[in-house]
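Notes follow the structure.
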Amino acid sequence: MVRIERPRGTRDLLPDEMERRRSVESIFRRVVDRWGYGEVKTPTFESLDLFTIKSGEGIIDEIYAFVDKGGRQMALRPELTAPVMRLYVESFQVSAKPCKLFYFDNCFRYERPQKARFREFWQFGVELIGSDQPEADVEVIALAVEILSSVGIEGELRVGNLDIIKSIIKGLSSVEQACIMRLIDKNDIVGLEDYLKEIKAPDPLSENLLSLIDLKGRDALEEALKITGDLPELDRFSRTLELLDALDVEYIVDLGIARGLDYYTGMVFEIYSDKLGAENQICGGGSYRLAHLFGGRDTPSTGFGIGFDRVMEICNPPLRKTTTLYLVSFDDTRTEAMKIAQKLRKHTRVHIDVMNRKFKDQLRHANTIGADFVLIVGKDELESGKLTLKEMRSGEQELLTLEEIIERVEE
RNA sequence: GCCUGGGUAGGGUAGCUGGACAUCCUAUGGGACUGUGGAUCCCACGACUCGGGUUCGACCCCCGACCCAGGCCCCA
């Protein structure tokens, strides 16, 4: 017999873990609801084109792609921004702006699995569509920060801006620009220097670029101003940071972050945790333009995706404690016991023997599964109209009516 | 795709530079035990990741694959 194994990079999620995940999920949902975002769900697979148009070369070779029986090129979604924007173009283009959407779904990437990196993983994210104002950028950042802090995660927020970098290299070809952005994203400074020499970029450009991406922290903006001169993008970025300050959102300016996906335009941000291993980014986002690529009008948007599995690695969500009742019965009282169990399930969690175990073994089993109470439904009890409720922890028991029992277990 | 370290019952382990039915703990199911759990005892269940090679003989040595953990890369 061949044992079928779980596909590489995937996980089975067992009841305890699912309970933790549902707890975090419901906290996240509550936050985005308070901010007025509506949930959307898109298909698990889409046309391959949706992801190859603008997500960048990087994503193509890690996509789960296949040809369906009709000969169509399809792909399991590697991320959700593109699908949500496709959905937006189809359904929300003429709706009131801004359009505020959130999602929580699984994504697939063909990568080498390691700590907090899987081939099937979950993303919780939002897209704020229709505004290119700093206020929109700030709302999205602040929301990301609040979602994470709602489960006790205080990550390191880094905020950057691609417009500023792009203003310096706008004279270069688009291929050269893309290549430069990729090297910046990789933080490959040596590679970047080599590349600038290779394409014979003018010296001032190279110098400016290299010093710009090196800017980090408080003074970054002023320094950038010295390098680039007055730029409208700089003003906007300044306003963004001002608003973050006003909201007491802590951040580090980092003009060296570039993001792996090619569709980002202006503001970009990433949130890191020091509690994870090599895969320490728990959130990434920024402003982008995608709608026009999917047949819609050119529309500014801002969004982020949170790596849900990474969040689960580092947080301890509150778990709801439900009183567990184990109903012990005998051959001659089984039917009645099952009826009683049905009634009690309206009030709490109830187990009943389905193994035809003997009395003592039922009790033993109630103990091993951690039942809070055992309710004994025997002939004597049924005749008296009361049932024996035993508290497992203390071992104390008493005869009570069904109503009294309900009152007790609902406490 | 690359690097490092690993794969023995459901979980945890012992055995090994080759020798008979692979050790123990735990979990699970049953019994001792006819209406009072956690203990104890007994029984059952259940594994050498897979495929080659070397050998009279491989869990052990060699090669490869697969999978796992961690790192590179990339990302969430």
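By convention in this document, chain letters (A, B, ...) are assigned in the order of the sequence lines, proteins followed by strands, and residues within each chain are numbered from 1.
Summarising the geometry, the separation between CZ on A/Arg364 and C1' on B/U36 is reported as 12 Å, rounded to the nearest angstrom. Regarding A/Leu375, its CG atom lies at a distance of 15 Å from the C1' atom of B/G37, rounded to whole Å. In this structure, A/Met355 places its CE atom 10 Å from C1' of B/G30, rounding to the nearest Å. Between the CG atom of A/Asn367 and the P atom of B/U28 there is a distance of 11 Å, given to the nearest Å. For the pair A/Asp331 CG and B/U34 P, the interatomic distance rounds to 13 Å; values are reported in whole Å. Separating the CZ atom of A/Arg158 from the P atom of B/A76 is a distance of 16 Å, rounded to the nearest angstrom. Rounded to a whole Å, the CZ atom of A/Arg112 is 15 Å from the P atom of B/C73.
Between A/Asp353 and A/Arg334, the closest side-chain pair of non-hydrogen atoms falls below 4.5 Å.
A cation-pi arrangement, defined by a distance under 6.0 Å to the six-membered ring centre and an angle within 45 degrees of its axis, is present between A/Arg11 and A/Phe118.
Judged by distance alone, with hydrogens and angles left aside, the side-chain atoms of A/Arg289 form no donor-acceptor pair with the main-chain N or O of A/Asp298 at under 3.5 Å. For the pair A/Glu270 (side chain) and A/Arg158 (backbone), a donor-acceptor distance under 3.5 Å is absent.
Heavy atoms of A/Ile376 sit under 4.0 angstrom from at least one base atom. Contacts of A/Glu381 with the nucleic acid, taken as non-hydrogen atoms under 4.0 Å apart, include base atoms.
Atoms CG and CD, on A/Asp309 and A/Glu120 in that order, are 8.5 Å from each other to the nearest 0.5 Å.
Taking only distance into account, the side chain of A/Glu313 never meets the base of B/A76 through a donor-acceptor pair shorter than 3.5 Å. The base of B/C73 is paired with the side chain of A/Arg117 by a donor and an acceptor separated by under 3.5 Å.
Of the residues in residues 9-41 of chain A, A/Gly9 come within less than 4.0 Å of RNA chain B through at least one heavy atom, sorted by number.
Searching all strands for a Watson-Crick or G-U wobble partner of B/G10 with both distances below 3.5 Å returns B/U26. The partner of B/G5, taking Watson-Crick or G-U wobble pairs whose two distances both stay under 3.5 Å, is B/C68.
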- For side chain to side chain contact (heavy atoms under 4.5 Å, CB included), just list the numbers for A/Lys386 and A/Thr401, CA-CA rounded to whole Å, side-chain angles, deciding distance to a tenth of an Å, and then say yes or no. CA-CA 5 Å; A/Lys386 292 187 173 182; A/Thr401 65; 3.8 Å; yes
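The only option from A/Phe121, A/Phe124, A/Phe104 that meets the ring-ring contact (aromatic ring centres under 6.0 Å, His included) definition with A/Phe308 turns out to be A/Phe104.
For A/Arg357 and B/G30, the shortest distance from a side-chain N or O to OP1 or OP2 is below 4.0 Å.
Aromatic stacking of A/Phe308 on B/A76: not satisfied for centres closer than 5.5 Å together with planes under 30 degrees.
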